[in-house]
Structure formats: structure tokens, C-alpha cells
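A quick write-up on the structure given underneath.
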Amino acid sequence: MKPNLLILGGTSEASALAKAVSDAGIDGVFSYAGRVEKPRLQPLPIRTGGFGGVDGLANWLRENAVSHVVDATHPFAAQMSRNAIAACQQMNNIPLIALTRPPWVAQAGDCWQHVPDIPAAVRALEGARQRVMLAIGRMHLESFAPLRQHFYLLRLVDVPGTLPFPEYAVEVSRGPFTLHGDRALMERHAIDLVVSKNAGGSAARAKIDAARELGIPVLMIDRPALPDRQETHDIQDVMRWLSHTPSGVSGTDLGV
Ligand code: 3Y8
Ligand code: NAP
């Protein structure tokens, strides 16, 4: 039976996979949560918005006769990843694989302080005023609002509404970012500290490399823990998996 794929997207790897799937003539749907105004277009049909939890996703899989699911979401999209595992199990174990990228690892010249999550990053920022590049997007900015002593450089995908800080600059820009661009940005704003999620991949690592070159410390937020699932960093692995993994959904489950 020809695969009928759901890609949970929102990363550079998800977009690269969508191209490989489309080029191979495989049927699939690309899914966004709907977090930004103009998400990148894809060579596959796009659906946007939450599914409605585990049951909502399981129903969507059934109603759309999905035979395989690839979770290519960002490593911090932990709730989506947990829901995907549970929904595929609920649907008689529809085959699921995660397409991820290895976390960044500090190298010579890096000055990283690891923290386990956003609240720990907030605690680590208590104390004297700094000029902080807060490159973690929009969704968690409120957590840092109590730390009014700092200047914040905020990089956002969309033009923001009111922001909870007395002193800040906004850079509206989506990645992939460049070393030259991020270094110039940090110098222009005389940044003392970079706060970053350990996203991995190449599209967001420019700020880490620029920080090393400028001798700027990084507050590195480690990834949330995820349940065990089949995982790969390689798109060709996913393509092989697709052709070698029989659908987990028999005819009767397809409502036919
Ligand atoms: C909506 C859909 C592609 C995918 C591109 C990657 C790279 C550029 C780097 C920094 C860090 C950050 C943020 C970031 C990067 C890629 C990738 C990645 C980080 C888009 C996209 C969607 C989102 C959602 C958005 C979050 C935000 C996070 C900005 C598309 C552009 C900070 C993560 O305003 C908001 O609500 C933004 C929300 C989740 C984290 C947050 O908490 O605010 N991503 N980003 C997805 C959906 O609706 O399902 O247009 O592509 C995707 C990309 N963002 O194919 O080119 O692969 O990671 N995204 C982080 O890493 O910290 C920016 O500024 O240095
Ligand atoms: P999350 O906290 O793990 O998910 C919260 C809820 O959002 C999910 O339970 C689901 O709603 C919905 N959702 C998330 N991703 C979805 C997708 N691809 N398609 C449909 N619904 C989705 O997710 P998040 O951290 O907000 O990330 C949202 C999107 O942004 C994902 O596509 C992710 O890959 C992308 N992204 C996130 C980050 C980040 O830093 N978090 C960085 C780059 C890109 P229901 O429960 O209703 O189904």
C-alpha cells in the first residue's frame, strides 16, 4: 500500500523532508501549529492548527487514512511529540519516526552555562543589569518580564504587540541566520549575554558561533526530555523507513 504521510513540521529539516517526499511522488500532508503569520510554503498540502490533543490527532489520522507519521517538530515542541507517540499507539501503532537534529555541544572558546528549562534561565538572569540577546522567540518572553533591569535584544518572527520590558530592541527576522549577520547584530547592540535554546541544527547556530568569536557567554537552555521513540537525524533514513515499513493501518482501520 502506498504510504500516506503526515509530517509534523515547523523546522528546516521538516521542509527538506517535504521536498524529498514530494520529489519521490509520495502522498503526504505538512502540518503547522499556526504560530506565525506567514509560515513557509511547502511542496505538499498544508494543514494548520492544533489537532485537539491526543484524541484529536488520533481521529485526524483515522479520518485521513494516514499510514505513517514523521515528527519533524522542533526539539522544544515537546507536547506535540508526546501527543504523536500516544496517538500513533492509540491507532494500532501507526508507524512513527522522529526526524531531529543533534543538540549543539560546547567547543573550545565557548562560555556556556547550561540550565534545564526556561524558569531556570530566568533565575540565572537575576542580578545586575546586562544587555541580553533573548533569542528564544515570542512564546516565553513573559517569563522574563520580572527582570526589568536588563536591556533585551529580541528576535521575533512577526512584528510584536506590546512587550513586557522597559528597555528593548526588536529584530523581526526568521532564520536561517548567518554568522556575519548575528555578529554584527550583537556588536551593534553591545550584547553581554546570549540566551538560547539548544535547538541544534544549522539555521539557528549563528548566534552561538558569533558569541564564541566575540567572547560573549551563552545561557544554554537544555532540551525537554521526551519519551522513547524511533529517531533519526538523516532524511534519507526517513525515506528508507517509509519504503520498508508496512503501514500500521489495516483496511478496516481506514474506515473503508
Ligand atoms: C511556525 C514556520 C524552515 C523552518 C525554519 C529550525 C530553524 C529558522 C531558528 C533565533 C532563534 C526560535 C523560533 C526559530 C528557528 C528555524 C525554522 C526556526 C528560533 C518557523 C515557523 C514557525 C515557527 C515557530 C516559532 C516559535 C519560536 C521558534 C522563532 C516557518 C519560522 C526562537 C526557536 O512568534 C511565535 O509564536 C514563534 C514561535 C515556536 C519559539 C517561541 O517560543 O517563540 N519557532 N518558526 C511553526 C508552526 O506554526 O507550526 O515559517 O518555517 C520555523 C523555524 N524557526 O523550514 O525554514 O529549523 O529550527 N524559531 C529556537 O530555536 O529558539 C529562532 O532567533 O536565534
Ligand atoms: P508544543 O508546545 O509542543 O505544542 C503545543 C500544541 O500545539 C500541541 O499540543 C498541538 O496542539 C499544537 N502543535 C504543535 N506543533 C504542531 C504542528 N506541527 N501541527 C499541528 N499542531 C501543532 O509546540 P510549540 O513548541 O508551540 O511549537 C509549535 C510549532 O512551532 C511546531 O511546528 C514546532 O516545530 C515549531 N517550532 C517550535 C519551536 C520552539 O522553540 N518551540 C522552534 C521552531 C519551530 P493540539 O494538542 O491541539 O494538537
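Both backbone and side-chain heavy atoms feed into the values below; hydrogens, waters and symmetry mates do not. Whatever order the structure lists them in is the order used to number ligands and atoms, beginning at 1.
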Practice task
Please report which non-hydrogen protein atom sits nearest to atom 27 (O) of ligand 2, along with the residue it belongs to and the distance in Å to one decimal place.
Solution key: Ala77 CB, 3.8 Å
Handout entry: Numbered atoms of ligand 2 (with element) below 4.0 Å of Asn83, judged on heavy atoms
Key = 9 (O), 46 (O)
Problem - Proximal candidate to atom 6 (C) of ligand 1 [heavy atom criterion; set Arg205, Lys197, Arg35, Arg101] - result: Arg101
Practice task
Could you pull out, from His74, His140, Met139, the option with a heavy atom nearest to atom 39 (C) of ligand 1?
Solution key: Met139
Practice task
Give the residue, atom name and distance (to 0.1 Å) of the protein heavy atom nearest atom 17 (C) of ligand 2.
Solution key: Ala33 N, 3.5 Å
Practice task
Can you pull out the closest protein heavy atom to atom 5 (C) of ligand 2? Residue, atom name and distance to 0.1 Å, please.
Solution key: Arg35 NH2, 3.7 Å
Completion exercise
Candidates Ser12, Gly9, Ala33; heavy atom nearest atom 47 (C) of ligand 1 found on Ala33
Handout entry: Residue-ligand contact Asp158/ligand 1, heavy atom below 4.0 Å
Key = no
Exercise for the section: Distance to 0.1 Å, residue and atom name: give those for the protein heavy atom nearest to atom 2 (O) of ligand 2. Expected result: Gln79 CB, 4.1 Å
Practice task
With heavy atoms of Gly175 as the reference, note each atom of ligand 1 found under 4.0 Å away.
Solution key: 8 (C)
Completion exercise
Of Gly50, Ala199, Gly53, the residue with the heavy atom nearest atom 11 (O) of ligand 2 is Gly50
Handout entry: ligand 2 contacted by Gly137 (non-hydrogen, < 4.0 Å)
Key = no
Exercise for the section: Sort and list the pairs that fulfil side chain to side chain donor-acceptor pair (under 3.5 Å) and have at least one residue in residues 214-223, not counting sequence neighbours. Expected result: His114-Asp222
Exercise for the section: Identify the protein heavy atom lying closest to atom 10 (C) of ligand 2, giving its residue, its atom name and the separation to 0.1 Å. Expected result: Met80 SD, 3.8 Å
